**Student:** 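Could you have a look at this structure, given as structure tokens, before my questions?
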Number of protein chains: 2
Amino acid sequence: MLKNDSSPIWERPERQPRPVPVPLSREVVVQAAIALADAEGLSSVTLRKVAGALGAGPMRLYGYIATKEELFVLMVDAIYAEMLEGEDATGAWRARIARLAGHLRSAALRHPWFAALLGGRPQQGPNALAFTEAMLSAVAEAPGIDDIDTVFLATKVIGAYVVGAVCDEAADAAATRESGQTKAQWQDANWPYIQRVIATGRFPMLSKVAHQMTHPAPGTLFGRGLDRVLDGIAGTTSTSR
Amino acid sequence: MLKNDSSPIWERPERQPRPVPVPLSREVVVQAAIALADAEGLSSVTLRKVAGALGAGPMRLYGYIATKEELFVLMVDAIYAEMLEGEDATGAWRARIARLAGHLRSAALRHPWFAALLGGRPQQGPNALAFTEAMLSAVAEAPGIDDIDTVFLATKVIGAYVVGAVCDEAADAAATRESGQTKAQWQDANWPYIQRVIATGRFPMLSKVAHQMTHPAPGTLFGRGLDRVLDGIAGTTSTSR
DNA sequence: TATTGATCGATACAATGTATCGATCATCCG
DNA sequence: CGGATGATCGATACATTGTATCGATCAATA
């Protein structure tokens, strides 16, 4: 009860029961943040907006995270969890790796902000570790890759390729989305610039790429690149094409 | 001259000449931002602080950039320029590629914020394009890689690996720096967590990695991984080791 | 039933990116 | 050479952000 209230009881408003707060959890908070990022971009992920989407005050979130940066960390790990949903350890090693890589790629394209959070902070969340574990165990089944040092190196190479390739692809997607245009519109808007750069004559190889290359679908490119990487770690050229 | 000034001339302060503004340029602004990021981390790169470091008001910067995001874009491309300083197209193709990759890696370690800016935005600055051009021309010299499609795919694979590997390494460096500790302190602080994760028994491969692996220097690992990638695109296993 | 400890959110605050706009300078034209 | 014009600078302002503080409320315990 209010102790020092100068207004007489007649005018003093009655205590009204605190509205029952929506039950929250770290999971719910993170999912709300992810939904916001998916819908309006990473820069719209604001403690106020996240809390607002949950019908709570901003300070409520500090019961679940200590910092906005921690929210980002949780978001990234939640996406790793998404990749592993329904994943089992079946199939030949190359197929397993390709499947895992594909999961990461499609998750990154579903959540264009994901790639932007990948660099710059270590990935040590339980789900990120589970993803690495899955990669390690798939690699360990490859013939000729036995000692743990080789397994680790191969896994590192695969992981680095996948992350790097996905950063590339997602960057375009994010820029497109941020500009509020369609992919074609965005490419059309950038093409004149690229053309002028090429016209300087200082980029003969890029010119060849722009003019003479066939342009396979991004997914195809990703897969073929992964094949090259797997060839490298297997020390074979079996699946060249 | 002030037109509607009610104070009499006797009390009106004399016009003092505007202090000659420090001459600026996009280059100077970007270098100041880079210096700030190197010294105090990316989150300290503030338009006010950058301008302050140059002895100018914040709004002055808007003569050179339209947005803070544009400043970030320029910073990234400036680092690409750094990588190419003194670079020439000499040496065998594998050596050239290894040299270029090494430049990117060392630049990223010199500027721990660089990796965080890599994902999330397309790299189309003139220096980033020059870097890609150098990679393309080196790859084109590899025997058996002739048509432009193969050259592009190989370059994409190499670039993705390098970026991904560098993100990994730089993330640790950035986290270490951000925590204000030495690398050893930071690793010691994280080790108990990793140990508890492994103790769950759900990560047998990670356990092996943690306990049985020899831990080569990061640079060595980077180089060996690059060798695997180059093996893959060359379709040979020549330099295995 | 009184007390304690946890939890919620109103309020507050400093810092940020950036719009606005008057004041100042440099330049050009007569 | 003097006045007009256009560019450039920075003071001020504002909405928005992350987060500290703290009183008010609830649930559990003694």
Side-chain angles (χ1 to χ4, degrees), chain A residues 1-7 9 12-26 28-30 32-33 36-37 40-75 113 117 121 178, chain B residues 1-7 9 12-26 28-30 32-33 36-37 40-75 113 117 121 178:
Chain A
M1 171 65 98
L2 284 121
K3 292 289 166 56
N4 303 327
D5 195 331
S6 58
S7 69
I9 179 64
R12 207 180 307 155
E14 191 173 0
R15 151 191 351 187
Q16 51 196 16
R18 180 192 278 190
V20 36
V22 189
L24 291 187
S25 66
R26 217 170 263 176
V28 169
V29 170
V30 171
L36 238 168
E40 310 181 25
L42 194 56
S43 65
S44 291
V45 176
T46 287
L47 294 191
R48 278 170 232 267
K49 286 187 193 162
V50 172
L54 296 168
M59 294 314 289
R60 181 95 184 274
L61 301 187
Y62 284 92
Y64 305 91
I65 53 173
T67 273
K68 194 190 184 185
E69 168 65 19
E70 285 189 354
L71 177 60
F72 284 157
V73 168
L74 291 178
M75 289 168 71
W113 46 269
L117 292 181
R121 70 207 92 233
E178 215 118 328
Chain B
M1 171 65 99
L2 283 119
K3 291 288 165 56
N4 303 327
D5 196 332
S6 57
S7 69
I9 179 62
R12 208 179 308 155
E14 189 173 0
R15 160 206 320 199
Q16 52 197 14
R18 179 192 278 193
V20 35
V22 190
L24 291 188
S25 67
R26 217 170 261 178
V28 169
V29 170
V30 171
L36 237 168
E40 309 181 25
L42 194 57
S43 65
S44 291
V45 175
T46 287
L47 294 191
R48 279 169 232 268
K49 286 187 193 164
V50 172
L54 297 169
M59 293 315 289
R60 182 95 184 273
L61 301 186
Y62 283 92
Y64 305 91
I65 54 173
T67 271
K68 195 190 182 183
E69 168 64 20
E70 284 190 355
L71 177 60
F72 284 157
V73 168
L74 291 178
M75 288 169 70
W113 45 269
L117 293 181
R121 72 207 90 231
E178 215 117 328

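Numbered from 1 within each chain, the chains take letters A, B, ... in sequence-line order. Atoms considered below: every heavy atom in the structure, side chains included; atoms not considered: hydrogens, waters and symmetry mates. Nothing here was measured: the structure is a model prediction, and the numbers come from that model.
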**Student:** Minimum heavy-atom separation for Ala51(B) and Gly57(B), please, with both atom names.
**Tutor:**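 Ala51(B) and Gly57(B) have their closest heavy atoms at CB-O, 3.5 Å.
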**Student:** With a 4.5 Å heavy-atom cut-off, do Glu69(B) and Val73(B) have their side chains touching?
**Tutor:**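 With C-beta onward as the side chain, the pair touches.
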**Student:** Where is the tightest heavy-atom contact between Leu42(B) and Met75(B), given as atom of each residue plus distance?
**Tutor:**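 Of all heavy-atom pairs spanning Leu42(B) and Met75(B), the closest is CD1-CE, 4.4 Å.
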**Student:** Measure from CG on Leu36(B) to P on dT16(C) and round the result to the nearest Å.
**Tutor:**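 Rounded to the whole Å, the gap is 11 Å.
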**Student:** Testing the basics here: between Leu61(A) and Leu47(A), what is the closest heavy-atom pair and its distance to 0.1 Å?
**Tutor:**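 Between these two residues, the closest heavy atoms are CD1-O, 3.5 Å.
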**Student:** Might you point out which heavy atoms bring Val50(B) and Ala32(B) nearest each other, and give the distance in Å?
**Tutor:**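 Closest approach of Val50(B) to Ala32(B): CG1-CB, 4.3 Å.
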**Student:** Take atom OH of Tyr64(A) and atom P of dA6(C), then tell me their distance rounded to the nearest Å.
**Tutor:**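 Whole-Å distance recorded here is 15 Å.
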**Student:** Test of understanding: with salt bridge (charged side-chain N to carboxylate O under 4.0 Å, His left out), list the residues that count as partners of Glu70(B), not counting sequence neighbours.
**Tutor:**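 For Glu70(B) there are no salt bridge (charged side-chain N to carboxylate O under 4.0 Å, His left out) partners, ignoring immediate neighbours.
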**Student:** Compare every heavy atom of Ala37(B) with every heavy atom of Val45(B), then report the nearest pair and how far apart it is.
**Tutor:**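 For Val45(B) and Ala37(B), the tightest heavy-atom pair comes out as CG2-CB, 3.6 Å.
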**Student:** Tell me the interatomic distance from Arg60(A), atom CZ, to dC22(D), atom P, rounded to whole angstroms.
**Tutor:**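 Going from CZ in Arg60(A) over to P in dC22(D) covers 22 Å.
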**Student:** Need the bend value for the helix from dT1(C)-dA30(D) to dG30(C)-dC1(D): angle between end axes, 5 pairs each end, nearest 10°.
**Tutor:**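 Rounded value for the end-axis angle: 10°.
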**Student:** Mind listing the N/O atom pairs, protein and nucleotides 19-21 of chain D, below 3.5 Å?
**Tutor:**
residue, atom, partner, partner atom, Å
dT19(D), OP2, Tyr62(A), OH, 2.9
dT19(D), OP2, Lys68(A), N, 3.0
dT19(D), O5', Tyr62(A), OH, 3.1

**Student:** Tell me which one of Leu24(B), Val30(B), Leu71(B) satisfies side chain to side chain contact (heavy atoms under 4.5 Å, CB included) with Tyr64(B).
**Tutor:**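 Among the candidates, only Leu24(B) passes.
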**Student:** Rounded to whole Å, please give me the gap between CG in Leu24(A) and C1' in dC8(C).
**Tutor:**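 In whole Å, dC8(C) C1' and Leu24(A) CG are 11 Å from each other.
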**Student:** dG17(C) P sits how many Å from Leu71(B) CG, rounded?
**Tutor:**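 So the CG-P distance, Leu71(B) to dG17(C), works out to 10 Å.
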**Student:** Would you indicate which nucleotide in dG9(C), dT16(C), dT17(D) comes nearest to any side-chain atom of Thr46(A)?
**Tutor:**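 Comparing dG9(C), dT16(C), dT17(D) against the side chain of Thr46(A), the answer is dT17(D).
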